[in-house]
Amino acid sequence: MKDTYSEELDYASQIIKEAAHLYIKQAQAPADIYMKGEYDLVTSTDYAIESFIIDKLSKNFPGDRIISEESYTESLTDERTWVIDPLDGTNNYARKIPTYGIQIALIIKKQPVVAAIYLSELEEMYTAHINSGSYLNGRKIAVNSSVELNQAVISMGDFSKTGDRVEKNRIRLLGIAAIANRIAQLKMWGAACYDLASLAVGRTDAYLVYSYDLWDVIPGYLIAKEAGAVFAQLTGEPFDVTATTMIGASHPELMNALLQAIAL
């Protein structure tokens, strides 16, 4: 595996920014909103951005596989695979809350090697490729590596929307109760791209998520990791792309303190 993917990263960041300008900033009409589950919605913008990005990737990297939230939910293999979330934080977008974004990652042999997140309302482009650091609008960034637990600002993944949501959300609430009196603040942004970008740039200090899909967290995982964050599963086991839970922290001591507090 080569150790630089600058061509792929440049192209990925270019097309997600272009998609944002075409379908969000220069949109000709308000987005149509549809329900894809009892508690989950999707918009015409999700579909338009997804189609645009897939078309661009298919033409520029014709041999690569694609996994994307709305249309291409295949299983991950060892092949070169692009993972796309065309609009992470769709509820925020639909309600004109500015914490949403477009994100993309390239995974090879189940290891992310390229990632880009574009937060269009903030005009922030986060990028990383493996072993090369993380950048915000071309400026190198790093996590807040010195904060202690009692001053930590932590974000958490959204509540579950699936059929077994009652039990899943009960566990989430137990996690909140376990840390509520030991940290400075808890945020729930409703968009993993914003959570992990915030961790990478030092706005927050840790991120907890109890369930997710691959496209939700893998782009931000690489960006935060390259910025210095450490990751594990909420059980304390090592994190990889096959995991089902995630905790990211700005340094190992904070990670250990949080794992002890939630003690799954």
Side-chain angles (χ1 to χ4, degrees), residues 33 35-43 46 69 85 87-103 117 119-122 124 126 143-144 147 149-221 223-224 227 229 231-235 239 243-250 254-255 257-259 261-264:
I33 299 174
M35 297 305 297
K36 63 178 182 179
E38 186 177 1
Y39 305 99
D40 202 10
L41 61 82
V42 65
T43 72
D46 293 74
E69 179 176 11
D85 194 338
L87 197 55
D88 184 46
T90 299
N91 274 282
N92 293 349
Y93 165 75
R95 292 173 176 266
K96 303 187 185 307
I97 300 169
T99 49
Y100 64 85
I102 305 171
Q103 55 181 352
I117 293 172
L119 306 179
S120 62
E121 294 286 347
L122 304 177
E124 292 184 346
Y126 293 83
V143 298
N144 182 7
V147 69
L149 182 63
N150 66 330
Q151 296 187 344
V153 176
I154 295 172
S155 68
M156 183 175 178
D158 204 358
F159 288 108
S160 176
K161 301 180 181 71
T162 59
D164 55 350
R165 68 194 303 260
V166 172
E167 176 59 18
K168 286 184 175 180
N169 290 335
R170 184 187 70 81
I171 295 170
R172 285 167 168 77
L173 289 168
L174 289 173
I176 291 172
I179 63 174
N181 296 324
R182 304 181 64 182
I183 64 172
Q185 280 192 328
L186 181 68
K187 311 286 189 182
M188 187 178 284
W189 304 113
C193 63
Y194 189 82
D195 287 296
L196 286 160
S198 295
L199 174 59
V201 78
R203 292 173 183 156
T204 58
D205 306 300
Y207 174 51
L208 310 177
V209 59
Y210 284 76
S211 62
Y212 58 84
D213 290 304
L214 197 65
W215 47 79
D216 294 323
V217 301
I218 292 304
Y221 159 70
I223 289 167
F231 285 87
Q233 298 183 57
L234 289 174
T235 57
F239 179 84
T244 57
T245 65
M246 170 192 279
I247 178 169
S250 59
L254 181 59
M255 168 74 78
L258 286 166
L259 286 171
I262 59 175
L264 286 185

Discussion item. Rounded to the nearest 0.5 Å, what separates atom OG1 in Thr245 from atom CD1 in Ile171?
Written reply: 10.5 Å
Worksheet item: Which heavy-atom pair separates Val143 from Ala224 by the least distance, and what is that distance?
Response: CG1-O, 4.2 Å
Worksheet item: Considering all heavy atoms of both residues, which atom of Met156 and which atom of Tyr207 are nearest to each other, and what is their separation?
Response: C-CE1, 3.9 Å
Item to complete: Report the distance from atom CD1 of Ile33 to atom OG1 of Thr90, rounding to the nearest 0.5 Å.
Response: 10.0 Å
Worksheet item: Looking only at heavy atoms, what is the nearest atom pair of Leu254 and Ala206, with distance?
Response: CD2-CB, 4.4 Å
Worksheet item: Is the closest side-chain heavy-atom distance between Met255 and Ile247 below 4.5 Å?
Response: yes
Item to complete: Search all heavy atoms of Cys193 against all heavy atoms of Gly101 and return the closest pair with its distance.
Response: SG-N, 3.6 Å
Item to complete: Using the side chain to side chain contact (heavy atoms under 4.5 Å, CB included) rule, pick out the option among Ile223, Asp88, Leu119 that qualifies with Gln103.
Response: Asp88
Worksheet entry | Asp195 side chain to Val217 backbone, donor-acceptor under 3.5 Å | no
Worksheet item: Which value, rounded to the nearest 0.5 Å, describes the distance between Asp213 atom CG and Thr244 atom OG1?
Response: 11.5 Å
Discussion item. If only side-chain N and O atoms count, and only distance matters, is there a donor-acceptor pair under 3.5 Å linking Ser250 with Asn144?
Written reply: no
Worksheet item: Parallel, tilted or perpendicular: which fits the ring planes of Tyr93 and Tyr100, with parallel below 30° and perpendicular above 60°?
Response: perpendicular
Discussion item. Parallel, tilted or perpendicular, judged at 30° and 60°: which one describes the rings of Phe231 and Tyr221?
Written reply: perpendicular
Worksheet item: Any donor-acceptor pair under 3.5 Å linking the side chain of Arg172 with the backbone of Asp158?
Response: yes
Discussion item. Does Phe159 form a side-chain contact (heavy atoms from CB on, under 4.5 Å) with Leu173? I'd like the steps, not just the answer.
Written reply: CA-CA 9 Å; Phe159 288 108; Leu173 289 168; 4.0 Å; yes
Worksheet item: Less than 4.5 Å apart, any side-chain heavy atom of Tyr194 and any of Asn92?
Response: no
Worksheet item: Minimum heavy-atom separation for Ala261 to Ala178, with atom names?
Response: O-CB, 3.4 Å
Worksheet entry | Closest approach of Leu149 to Ala257 (non-hydrogen atoms, all atoms of both residues) | CD2-CB, 4.0 Å
Practice prompt. To the nearest 0.5 angstrom, please state how far the CG atom of Leu41 sits from the CG atom of Asn91.
Written response: 4.0 Å
Practice prompt. To the nearest 0.5 Å, tell me how far Leu208 CG sits from Leu186 CG.
Written response: 7.5 Å
Discussion item. Quick check against the 3.5 Å criterion: does Asp205 have a side-chain atom that pairs as donor or acceptor with the backbone of Ile154?
Written reply: no
Worksheet item: Is the shortest heavy-atom distance from the side chain of Asn150 to the side chain of Ile183 under 4.5 Å?
Response: no
Item to complete: Please state whether the rings of Phe239 and Tyr212 are parallel, tilted or perpendicular, taking 30° and 60° as the class boundaries.
Response: tilted
Discussion item. Let me confirm one number: the CE-CD distance from Met246 to Gln233, rounded to the nearest 0.5 Å.
Written reply: 9.5 Å
Item to complete: Indicate yes or no for a side-chain donor-acceptor contact from Thr204 to the backbone of Ser155 under 3.5 Å, with no hydrogens or angles considered.
Response: no
